[in-house]
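Right, one structure below, let's go through it.
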There are 2 protein chains.
Amino acid sequence: MQAWPVDNSFQAFKRQLPICRNSVYSEFYDFFRDVIKVKRESAAIKNLETICTATFELASKHGFDAMSLRDLSRSTGISMGGLYNYIGSKDELAQMVNDFLSRRLAPMAALNNPKQDKPRDLLETLLRTAIYMGSLFRPWYRFVYMESKTMARKQRDQAKSFDLYDTQRLRELIEAGVRAGDMDCANPELSASALLAMVQDWYLKSWKYKRNNIDPDDYADFLVSTMDKLLACKDQ
Amino acid sequence: MQAWPVDNSFQAFKRQLPICRNSVYSEFYDFFRDVIKVKRESAAIKNLETICTATFELASKHGFDAMSLRDLSRSTGISMGGLYNYIGSKDELAQMVNDFLSRRLAPMAALNNPKQDKPRDLLETLLRTAIYMGSLFRPWYRFVYMESKTMARKQRDQAKSFDLYDTQRLRELIEAGVRAGDMDCANPELSASALLAMVQDWYLKSWKYKRNNIDPDDYADFLVSTMDKLLACKDQ
DNA sequence: ATTCAAAACGAACGAGCGTTCGCTATTTAA
DNA sequence: TTAAATAGCGAACGCTCGTTCGTTTTGAAT
């Protein structure tokens with residue numbers, strides 16, 4: 001059996017990923033060992049999972065800013081004072097989620113070098129990675145996407161937006177494909193934006209796709225076939 | 001010179017639309033004459049424009065729930081009490097924006113019957129209408145899209161989501177095209193979702209498209225050409 | 001069983017929230 | 001010019017917010 005990314009199924013992706021859904025909060029605790037006041041690991045990990053899960057749930061209803069720490073306390077069963085053993089401040093909670101996703105979770109998917117040289121195949125791997133990561137850690141991606149707008153102005157030093165960076169990375173691969181003669185694309189910037197919009201739609205509107213029984217493999221297959229049509233890939 | 005939708009440029013669309021950016025708040029005042037306490041029309045229209053503009057600006061920063069009426073008062077130069085001559089309550093303000101867009105503004109674009117019968121052309125008109133309306137009234141669409149998530153749970157009787165309805169309308173047109181033999185599409189539902197995601201991207205990430213000097217015609221052209229590629233339209 | 005950090009608790013604080021209302025200023029009509 | 005009606009004002013109300021901190025509970029090691 002081939003390994004990712006040659007076997008580009010969701011299952012193969014999960015198999016090679018050096019983290020799984022069960023180990024996320026243990027990683028989370030490690031990552032923020034310095035700022036989390038609670039030192040007894042097992043309890044800390046359990047509570048962090050409770051806190052993050054409830055935060056995703058509550059923030060998705062009315063936005064993080066509108067969520068109160070009393071709501072969070074009620075949902076988690078952890079007292080107001082108890083929460084502050086984990087989070088430092090409300091703003092810092094959002095910051096932790098943001099940092100953990102962009103600095104720890106996302107990089108894990110990029111670790112193993114693809115060993116592919118054709119721009120089209122690199123592009124496929126890039127898109128599939130985005131969909132599969134979004135499937136495994138949907139609430140994280142959703143939260144960061146939704147709150148990035150409000151945080152961007154608060155702390156300007158942070159990357160202005162995931163969007164610009166992601167769009168540029170896609171555009172450069174498309175341009176490389178056009179140069180190599182494998183692709184045909186009149187407007188790489190717009191094509192990159194379109195593909196990114198479809199990636200984001202996957203974790204923004206998960207309810208819609210769940211409703212229609214569309215699983216990660218289905219969506220990734222569709223996204224890649226759309227890419228091939230959009231870029232008129234020669235040999236696909 | 002041909003008229004919309006035969007001439008499908010942004011300019012032709014604007015020419016036939018029975019409302020323009022200057023007359024929006026006069027229409028807005030008419031629409032809510034019963035609930036707005038201020039009866040002197042000229043002043044009311046001016047203040048409504050100030051209030052809505054500031055609301056769009058503030059809500060886009062941290063979300064409508066996180067925006068305070070004191071912020072709004074400061075931004076508009078209208079006192080707290082003064083605001084309440086126009087809005088009834090904070091929640092009602094969001095409701096007014098929502099209702100005006102969906103019940104008054106959006107229907108205006110659908111008024112003049114397209115007189116087109118081919119599904120592909122209907123689809124093109126539908127997509128261009130969405131882009132052009134989004135261009136003219138971007139803050140309105142942005143606001144409603146962003147706040148629809150938080151309002152949906154508050155008042156369930158309201159349409160569950162624009163998304164489901166829009167996706168279905170697109171899907172039905174695609175299915176009609178496939179039946180007519182003009183199109184080829186393995187998954188109408190996913191194709192409809194992809195097109196909708198691109199439509200929404202236009203008003204959600206206007207900053208990105210402005211940065212790259214992409215105007216409404218550019219984006220609509222790209223969207224339609226993407227549609228043709230995606231659906232393998234025979235005669236385009 | 002006792003000890004004692006570690007962790008959780010929840011009342012209390014000042015600030016800011018949405019909303020109200022009595023008052024002043026402005027406009028209109030005679 | 002005057003009187004009435006309309007529109008705008010902003011302090012005040014009850015409430016909830018994020019955050020703090022002195023106290024109580026928990027749990028592992030002795």
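Because the structure is a prediction, the values reported are computed rather than measured. A note on names: the letters A, B, ... follow the listed sequences, proteins ahead of strands, and every chain is numbered from 1.
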* salt bridge (charged side-chain N to carboxylate O under 4.0 Å, His left out) pairs, two or more places apart, involving residues 28-37 of chain A -> D30(A)-R33(A), R33(A)-E41(A)
* Structure fact -> From CD1 of I78(B) across to C1' of dA7(D) the rounded distance in Å is 11 Å
* Asked: Can you tell me how far P of dC9(D) sits from CG of L83(B), to the nearest Å?
  -> 9 Å
* Structure fact -> With sequence neighbours left out, the residues meeting ring-ring contact (aromatic ring centres under 6.0 Å, His included) with Y145(A) are none
* To do: Select base, sugar-phosphate, or nothing to describe what S89(B) touches, counting heavy atoms under 4.0 Å on all strands.
  => sugar-phosphate
* side chain to side chain donor-acceptor pair (under 3.5 Å) partners for S9(A), two or more places apart -> D7(A)
* Asked: Between N47(B) and dG8(D), is there a side-chain N or O to OP1/OP2 distance below 4.0 Å?
  -> yes
Nucleotide N/O to protein N/O under 3.5 Å, stretch nucleotides 11-17 of chain D:
unit_1  : atom_1 : unit_2 : atom_2 : d
dA12(D) : N6     : R70(B) : NH2    : 3.4
dC17(D) : OP1    : S68(A) : OG     : 3.2

* Partner of Y203(B) by ring pair (Phe, Tyr, Trp, His ring centres under 6.0 Å), out of Y141(B), F143(B), F56(B) -> Y141(B)
* **Near-strand residues of residues 26-42 of chain B, defined as heavy-atom separation under 4.0 angstrom from DNA chain C** => R40(B)
* Asked: Do K205(A) and Q200(A) have a side chain donor and acceptor closer than 3.5 Å?
  -> no
* **Pairs satisfying salt bridge (charged side-chain N to carboxylate O under 4.0 Å, His left out), at least one member in residues 66-85 of chain A, at least two apart** => D71(A)-R74(A)
* Asked: What are the 5'-most and 3'-most nucleotides of DNA chain C lying under 4.0 Å from any heavy atom of chain B?
  -> dC17(C) to dT28(C)
* side-chain contact (heavy atoms from CB on, under 4.5 Å) partners for E57(A), two or more places apart -> K61(A)
* Determine the contact category for G88(A): base if any of its heavy atoms lies under 4.0 Å from a base atom, sugar-phosphate if only primed atoms, P, OP1 or OP2 are that close, otherwise nothing. => nothing
* Quick one: is Y86(B) getting a side-chain N or O under 4.0 Å of the dG8(D) phosphate, OP1 or OP2? -> yes
* What pairs of residues pass the side chain to side chain donor-acceptor pair (under 3.5 Å) test when at least one of them lies in residues 45-54 of chain A, not counting sequence neighbours? -> N47(A)-Y86(A)
* So which pairs with a foot in residues 206-215 of chain A pass salt bridge (charged side-chain N to carboxylate O under 4.0 Å, His left out), sequence neighbours left out? -> K208(A)-D163(B)
* Considering residues at least two apart in sequence or located in another chain, which fulfil the side chain to side chain donor-acceptor pair (under 3.5 Å) criterion with D218(B)? -> none
* **For F222(A), ring-ring contact (aromatic ring centres under 6.0 Å, His included) partners two or more places apart** => none
